[in-house]
Amino acid sequence: MDVNNKDLGTSLRTHTCGQLGESDVGRKVTLCGWVDGHRDLGGLIFIDLRDRWGVTQIAFDPEEVSDEYMELARSVRYEYSIRVSGEVRLRPEDMENRQMITGKIEIRADSIEILNRSETPPFLVEDDTAASEELRLKYRYLDLRRPWLMRKLEIRHQATRAVREYLDSRGFVEIETPLLIRSTPEGARDYVVPSREQKGKFYALPQSPQLLKQILMVSGFDRYYQLARCLRDEDLRADRQPEHTQIDLEMSYVNQDDVFEVVEGMMKHLFKKVLDDDIEAPFARFTYKEVMDKYGIDKPDLRFGLQITDLSDIFTNSKFKVFSEALSKGGVIRGIRYKGGADISRKRIDDLTEIAKSRGAKGLAYLLKRDGEIKSPIAKFLSEDEISRALEKAAVETGDGLLIVADAWKTACDSLGALRAKLGEELSETAPMKWAFLWVCEFPLFEYNPDLSRFDAMHNIVTSPHNEDNELLDAGAKSELPPSDPEHPWARIRGNQYDLVLNGIEIASGGIRIHNRKIQEKVLSILGIDEERADRMFGFLLEALEYGAPPHGGIAPGFDRIVALMTDSESIRDVIAFPKTTAAQSLMDGAPTEIDQAQLDELGLMIREKKKK
RNA sequence: GGGGUCGUAGUUCAGUUUGGUUAGAACGCCUGCCUGUCACGCAGGAGGUCGAGAGUUCGAGUCUCUUCGGCCCCGCCA
C-alpha cells in the first residue's frame, strides 16, 4: 500500500511510530502515540509506542533521564496517550527485534509528557485479541486501534480510491442522490423517517438509488456512479448489515456486454491497485439454468470443480419407486460424487441427509463403491446396469461414494448444492485459485410464489425481459396453464438480469432496465401492482420514461462484501467502522433508542403498547 | 417468525453431566524488588448479585420456566 509516510509531522510530533530506521540514527525526534507495552526493569524502562503507522521502542535510562521523567515513565500504563522526545539510536548488538519493522533502532528518551491517561482497557489492544466481538463492538474505538482492523479500513479506503479512479477514467459522473425519498415498491422493508412538516407522512431511506439512477439516465448523464449507502430493514447475517455500501452505476445505450466490460475492468484495476493481484478477464459466463444444473446454486464457488450429474435418463424405467415416482411427477434424479467417501459412517450419512432435508429434499440415497462391492440400502431395488451406468456417469471410482437426490428440479438443485458446498469445503485439497469470478445471466424474470399465489420479481421490478420473450408477457395473461406450472409463459420469460459471483459470494447484481412505459406497466401488472397503485408509488418513473428515456442498464457491486473478500474477513462487520449486531443494534452508542415525548409530539406520533404474548 | 449455540473475576475460560465445605486458572489490575527488556522476570495482594427474574429443593453456578443479550443458520433480504 502506498501510505505516504512523509510529512506526517505536526506541531506535537516530528515523525510517526512506523517511520524511523537505521538511516535516522542520531536524529532528534518527538513521537506521539499510545502505550502498547511497558517494561520496568528497575533501572531501565522500555515503552512501546504505537500509532497508525507502527510501533517504536522508547528506552529510558536513569543515567540520562531526570528523576522526574523517570517517575513519569514508570507511571504509564496500557493505552496512555503520551509524547516522547529523544534521539534515535541503534540498539545494542543482539538486541534487535526482528519482529518489529523499527526493530533495529530505539529512541533514547530525553523527556516524556503524558497527554492523557487511560482507564484500564477492557481488553488488550493487540492483533490476537481474545475479546469477544460483543465487547469489541461496545468499545469499538479500542478495537479499531488494533492494527489488524485498522489495516482493513485502510484497504477499504484504497479500494474506494481505486473504484473512483477507474470509473472517472471511463467517463462516469459521481452524483449524490437523496437519502430522504419516497417509499417505493421494491423488495425489502423500508426504514422510514417521519416528517415534521407533513404530520402523518413519512420519507423512506433508499434500499438503493435504483429509480433515481434511472431518472439520471433520462436526464442524459449517460454514465453515473455513486458509492451509495443502501438501507434495508431486514434480518441480518454475517454478510448483511442494515446499511451497506454499493458501487452503484448506470449507463445509457448499452447492452449486457457493455456493463460486463466496465465491471471486469473495474475489478482488474481494483485488485491490481489494492492487492497487486492480477485478475483474469473476461470472467466466465453461465446462464442461471447452467449454474443451477451443474452446481445447484445461483452463486457457486468455482474455486473447486465438483459438479452435479443428472442421472434421470438412467432411471427412467427404474423399479425403485422413489426414483420412478419422482420422475413421473416431472422431477429429476441427480447425484454428486463424494470423493473418498466409500467408508463413511452411519453418523456421517445422517449428517449429510440432514443437510439435504434442510433444503427440502425428502431423503438422501447413496451408493458407496468399495473394493469389489457396492454398499447401499437401495442397491437391491436397482439393476446392476443402472448402478454401473450411474457410477460411471458421475465418474465415481472405487473408494468414492455417490450421493443421490430424487426430487423436483429446484429441490434437487438446492439440496445437492448444499451438499456440494459442504464437500467442497472439506475436500479443499483441490488447489483453489484465489479469485474465482463468474457471471450468471438469463435469470427468469418472474418466480411463482406459491404462498401468495402470485408471481414475484426474481430480482428487480425494473428489469427488462429478453427481446425474444416480450410476447410471452401477453401470452401469459391468456394462458390456460396454472401459474405454478414451470411451463407457464410468465415463468419462461428470461430477464436481462445478471449477477457477479466471487468465491461463492454474490458481489454484484444488475440488469438492462425497461425504458418503455407500456412494458413497465405490463410487468407491474403481472406482479399484481395495479395501475392505480403503480401510478401512486411509481408514477414519477413511468412518466419519466415517456420523455425519450434512453435504453439503459447498470449494476451495483456490494462494496462491503468485496472488501471483506479482499481482506479475508469472515464478516462484513470487519470492514465497517461502526457496524451493528445481528439484532440491528449499535452496542457502542446504544442505537436504536427511545426518543423524548416532545419529539414524538412534534412529529405527531404515538407509541402503541407492546403486545403481550 | 423459526432452529442452533454461548453468557461464571476487568478479560478469556474451567466448574453444570450426577445439586452439597471457602467457585478455580491464565492474562490484566494493585504493591514491592529488579539497569537491555520486547509474552521481561521474581515475590505478594485485591478482585465474583455465576446475564436478569421466578420456581423446585433442607440446599441451585449446576434442575425447571420466563426474559435479556452476542454469534451462526432457515425464512426474509440483492
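Letters A, B, ... mirror the listed sequences (proteins, then strands); counts begin at 1. Values below: every heavy atom of this structure, side chains too, minus hydrogens, waters and symmetry copies. As the structure is a computational prediction, the values presented were derived from the model and not from experiment.
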Applying a 4.0 Å non-hydrogen cut-off, can you work out what A:Glu506 is touching in the nucleic acid: base, sugar-phosphate, or nothing? base
Residue whose closest nucleotide on RNA chain B lies nearer the 5' end, A:Met458 versus A:Arg359: A:Arg359
Partner nucleotide of B:U31 by Watson-Crick or wobble geometry (both distances under 3.5 Å): B:A43
Would you mind classifying the nucleic acid contact of A:Leu236 as base, sugar-phosphate or nothing, using non-hydrogen atoms under 4.0 angstrom? nothing
If I take atom CZ in residue A:Arg573 and atom P in nucleotide B:G70, what distance separates them, rounded to the nearest angstrom? 10 Å
Check: A:Glu106 side chain, B:G36 base, donor-acceptor under 3.5 Å: yes
Output the single nucleotide from B:G36, B:G1, B:C73 whose closest atom is nearest the side chain of A:Asp235. B:G1
Could you please name the partner base of B:G7, counting Watson-Crick and G-U wobble pairs only when both distances are under 3.5 Å? B:C68
Would you indicate, yes or no, if B:G69 has its OP1 or OP2 atom less than 4.0 angstrom from a side-chain nitrogen or oxygen of A:Gln585? yes
May I ask you to check whether A:Tyr498 and A:Phe443 place their ring centers less than 6.0 Å from one another? no
What is the distance, to the nearest angstrom, from the NZ atom on A:Lys580 to the C1' atom on B:G70? 16 Å
Checking N1-N3 plus N6-O4 or O6-N4 for Watson-Crick, or N1-O2 and O6-N3 for wobble, each under 3.5 Å, the partner of B:G75 is none
Over all strands shown, is A:Ala508 touching base, sugar-phosphate only, or nothing at heavy-atom distances under 4.0 angstrom? nothing
Is A:Thr581 touching bases, backbone alone, or none of the nucleic acid, heavy atoms closer than 4.0 Å? sugar-phosphate
In whole Å, what is the span from the CD atom of A:Glu234 to the P atom of B:G1? 12 Å
Please check if the distance between the ring centroids of A:Tyr80 and A:Trp34 is under 6.0 Å. no
Side-chain donor/acceptor of A:Arg561 to backbone N/O of A:Glu506, under 3.5 Å: yes
Taking atom P in both B:A23 and B:U62, compute the distance separating them and give it to the nearest angstrom. 15 Å
Do the side chain of A:Arg89 and the base of B:G36 come within less than 3.5 angstrom through a donor-acceptor pair of N or O atoms? yes
Spacing of the C1' atoms in B:G20 and B:A60 (rounded, Å): 10 Å
Which part of the nucleic acid, if any, lies within contact of A:Pro122, taking any heavy atom under 4.0 Å across all strands shown: a base, the sugar-phosphate backbone alone, or nothing? sugar-phosphate
Those residues at least two apart in sequence (or on a different chain) that pass side-chain hydrogen bond (donor to acceptor under 3.5 Å, both in side chains) with A:Arg454 are A:Asp456
Tell me whether the centres of the aromatic rings in A:Tyr78 and A:His38 are closer together than 6.0 Å. yes
Looking at B:C40, I'd like to know if its phosphate oxygens (OP1 or OP2) sit under 4.0 Å from a side-chain N or O belonging to A:Arg39. yes
Can you check the A:Glu243 CD to B:A78 P distance for me, whole Å? 16 Å
Do the non-hydrogen side-chain atoms of A:Val193 and A:Phe202 ever get within less than 4.5 Å of each other? no
With stacking defined as ring centroids separated by under 5.5 Å and planes differing by under 30°, is A:Phe46 stacked against B:U37? yes
Taking atom C1' of B:G32 as reference, at what distance in whole Å does atom CG of A:Asp40 sit? 11 Å
When rounded to the nearest Å, what value does the distance between C1' atoms of B:U8 and B:C13 take? 9 Å
At under 4.0 Å between heavy atoms, what does A:Pro62 touch on the DNA or RNA strands: base, sugar-phosphate, or nothing? base
Which of the following nucleotides, B:C71, B:C38, B:U11, is nearest to the side chain of A:Leu135? B:U11
Nearest-angstrom distance, P atom, B:U5 to B:G41: 40 Å
Considering every strand and a 4.0 Å limit on heavy-atom distances, what is the contact class for A:Asp499: base, sugar-phosphate, or nothing? base
Look at the side-chain N and O atoms of A:Gln207 and state whether any lies under 4.0 Å from the OP1 or OP2 oxygen of B:A78. yes
So if I take every side-chain heavy atom of A:Arg240 and compare against B:C76, B:U37, B:C27, which nucleotide ends up nearest? B:C76
Expressed in whole Å, how much space separates the C1' atoms belonging to B:U16 and B:C63? 10 Å
What integer number of Å spans the C1' atoms of B:C34 and B:G48? 33 Å
Consider only side-chain N and O atoms of A:Glu174 and A:Tyr225, and report whether a donor and an acceptor are under 3.5 Å apart. yes
Partner nucleotide of B:U49 by Watson-Crick or wobble geometry (both distances under 3.5 Å): none
Can I get a per-line list of side-chain donor-acceptor pairs under 3.5 Å for residues 122-130 of chain A, giving both atom names and the distance, sequence neighbours left out?
{"from": "A:Asp127", "atom 1": "OD1", "to": "A:Trp148", "atom 2": "N", "distance (Å)": "2.8"}
{"from": "A:Thr129", "atom 1": "OG1", "to": "A:Ala131", "atom 2": "N", "distance (Å)": "3.1"}

Between B:C76, B:U35, B:C29, which nucleotide has the shortest distance from any of its atoms to the side chain of A:Arg237? B:C76
Quick one: is B:G70 close enough that its OP1 or OP2 comes under 4.0 Å of any side-chain N or O from A:Thr582? no
Looking only at side-chain N and O atoms, does A:Thr102 offer a donor or acceptor that is under 3.5 Å from a partner on A:Gln57? no
P gap between B:C30 and B:A46, integer Å: 16 Å
Between residues 67-86 of chain A and RNA chain B, which residues have a heavy-atom gap below 4.0 Å? A:Arg77, A:Tyr78
Calculate the interatomic distance between A:Met100 atom CE and B:C40 atom P; express it in whole Å. 12 Å
Test item: side-chain donor near acceptor, A:Tyr69 and A:Glu71, under 3.5 Å: no
Euclidean distance, atom CG of residue A:Asp298 to atom C1' of B:C77 [Å, nearest integer]: 13 Å
Less than 3.5 Å between a donor and an acceptor, one on the side chain of A:Asn97 and one on the base of B:C38, is that the case here? yes
Can you find an N or O donor on one side and an acceptor on the other, under 3.5 Å apart, linking the side chain of A:Arg91 with the base of B:C38? yes
Over 12 foreign heavy atoms within 6.0 Å of CG, A:Asp350: yes
For a quick check of understanding: with a heavy-atom distance under 4.0 Å over all strands, which category does A:Ala59 fall into, base, sugar-phosphate or nothing? nothing
Could you tell me whether the phosphate oxygens of B:U12, OP1 or OP2, come under 4.0 Å of any side-chain nitrogen or oxygen in A:Ser132? yes
Pairwise C1' distance for B:U21 and B:G61, with rounding to whole Å: 16 Å
Whole-Å distance separating the CD atom of A:Glu93 from the C1' atom of B:U37: 17 Å
